[in-house]
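No hydrogens, no waters, no symmetry mates; every other heavy atom, side chains included, goes into these values. In the text below, chain A, chain B and the rest are named by the order of the sequence lines, each starting its count at 1.
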Number of protein chains: 2
Amino acid sequence: MTEYPVGATHTTARIVNALAGGREAGVTELAEELSVSKASVHNHLATLERLGIVLSSNGRYRLGLRLLDLGMGIRDGMTLYQTASPEVNGLAESTGESTALVVPEHGEAVHAAVEDAERNDRRIRLGSRLPLHATAAGKLILAYRSRDEVEAYVETHGLDRLTDRTVQSPSDLRDELRSISDRGLAFDRGEVWEDMRSVAAPIRQGERGDAFAGAVAVLGPAERLSGKRLEEDLPGLVLSAAKRIELDLAD
Amino acid sequence: MTEYPVGATHTTARIVNALAGGREAGVTELAEELSVSKASVHNHLATLERLGIVLSSNGRYRLGLRLLDLGMGIRDGMTLYQTASPEVNGLAESTGESTALVVPEHGEAVHAAVEDAERNDRRIRLGSRLPLHATAAGKLILAYRSRDEVEAYVETHGLDRLTDRTVQSPSDLRDELRSISDRGLAFDRGEVWEDMRSVAAPIRQGERGDAFAGAVAVLGPAERLSGKRLEEDLPGLVLSAAKRIELDLAD
DNA sequence: AAACTTGTTTATCTATAGTGAACGGAGAGC
DNA sequence: GCTCTCCGTTCACTATAGATAAACAAGTTT
């Protein structure tokens, strides 16, 4: 009862996580890995199967696509997605690059919509999560928080260094967040992946534009996103797209 | 123990389902709806929140995007998706129509991959599920099953009539399945939605090509998919795409 | 300002989730 | 072809912990 009010649900979640990524596993295997009795693992798997979440074939278990269905439904139900989606698509059209709608969740930057530059060009996965301090959209999210909240974030999540360019110290982060909130625009110059660049603009909400709803971002390879294009052209397009979303959200 | 070996997990699932589609709800609301005590609902929600699955803001709860992340990971981990994905994209490219990879799961046709004809043209949602007897890919799935298995399907799932064109009787279904397995090709002429058409070809697997892995489908509005294009041109393209996937699966 | 909401907490109790051991079937190896 | 082994499943038991109802604490509404 110390951690999770409903322990059984926690166990189920652990089993599901162990099967994440399409891994196929047996009962004994999972039981040893999670330090739970075979019978218990079996019960959880049987329950999950009845729920349509896992599939079993001759004694081996794997996750089915029910959670994908659920997840897509959640995403489609988000009002922010509903109003932002056309603009995110339009932005991909006008820039010829991949675009995304990013929302904060549990201290992470989550990709609520992703539009690829072209087919067979999956850059980032829909629903994928990245640390706030390393991405353009993430830093934007932090820039709209109070000093204390940013400090709390650093405290709990730390400043993982994904590449040499990832912001390293709390003071560097603070400086960058200030300039970001001044311009109302954020960049990522290889802070997640060396050869990747992105620009993000905030989607504000509420009477005084104080509430932060999410961010729109354009992203792509450094070879295409650099110089004047990255610094001037794309920012303009991203900003105006974000602005249009803000207006659409108002009604 | 009658239904679900782990009752607590079942309760959690019921709560999650009640919140599906991005619905926001309070504790009391859910408690009444599901006939569970307030305290219990609260415990489950608190657990789900700690797991990063639900988000709460001033007493109201909703599902976050963690399940989407999980679901996408499951999909990306499917070997069938990995090998079929390029072909599904290519088929969308060459036909100019939407395409999909469909797999059977728990007696339903699940869309494991969807490639839209163009941006802003979402026809079917990724992960969405349709009854086997009404879709082209679904009937294909049934066509590769034994007579008994088909009968069992009808028994448990029934033959929901989605439109006037949906197959109605078990004998009609049997007849159609025979001609489908003869041609190795299936059509849907408005059986799910009146103004929708689709063609699907099977992806077979195993030594003697007896194991059924999934189906590739082209789908679109009846105004574009009709006549020679629907009956001859598209079938050829779909069949060859499916064949290429089968070959890629072999190695 | 009081009378409703609502979410949260508490204390009690019983159902049940977890355990270990036994069962049965499939495969491997001699 | 037989045994041995491994694994998934089932069984019976017990202590745990999920579910309950009632009290509590905030926040709205009237």
Donor/acceptor link under 3.5 angstrom from K38(A) side chain onto base of dG20(C): no
Anything under 30° is parallel, anything over 60° is perpendicular, the rest tilted; go ahead and classify H133(A) against Y153(A). tilted
How close or far is atom [atom2] of [N] from atom [atom1] of [X], stated in whole angstroms?
{"X": "L34(A)", "N": "dG18(C)", "atom1": "CG", "atom2": "P", "result": "12 Å"}
{"X": "R60(A)", "N": "dC6(D)", "atom1": "CZ", "atom2": "P", "result": "16 Å"}
{"X": "H10(A)", "N": "dA17(C)", "atom1": "NE2", "atom2": "P", "result": "16 Å"}
{"X": "E24(A)", "N": "dG8(D)", "atom1": "CD", "atom2": "C1'", "result": "14 Å"}
{"X": "L45(A)", "N": "dG18(C)", "atom1": "CG", "atom2": "P", "result": "12 Å"}
{"X": "N58(A)", "N": "dC6(D)", "atom1": "CG", "atom2": "C1'", "result": "15 Å"}
{"X": "E32(A)", "N": "dG20(C)", "atom1": "CD", "atom2": "C1'", "result": "15 Å"}
{"X": "L30(B)", "N": "dT8(C)", "atom1": "CG", "atom2": "P", "result": "12 Å"}

Let me confirm one number: the CG-CG distance from D160(B) to L132(B), rounded to the nearest 0.5 Å. 12.0 Å
Interatomic distance, I203(B) atom CD1 to E246(B) atom CD [nearest 0.5 angstrom]: 7.5 Å
Quick test of your reading of the model: are R62(A) and E105(B) salt-bridged, counting only N-O distances below 4.0 Å? no
Contact nearer the 5' end of DNA chain D, comparing T11(B) with Y61(A): Y61(A)
Take N43(A) and A39(B), find for each the nucleotide of DNA chain D with the closest heavy atom, and name the residue whose nucleotide sits nearer the 5' end. N43(A)
Identify whether any heavy atom of T28(A) sits under 4.0 Å from a base atom; if not, whether one sits that close to sugar-phosphate; answer base, sugar-phosphate or nothing. sugar-phosphate
Of the candidate nucleotides dT8(C), dT10(D), dG18(D), which contains the atom at the shortest distance from the side chain of H42(A)? dT10(D)
Side-chain contact, heavy-atom cut-off 4.5 Å: P170(A) with L159(A)? yes
Does the side chain of H44(B) get closer than 4.0 angstrom to OP1 or OP2 of dA19(D) through an N or O atom? yes
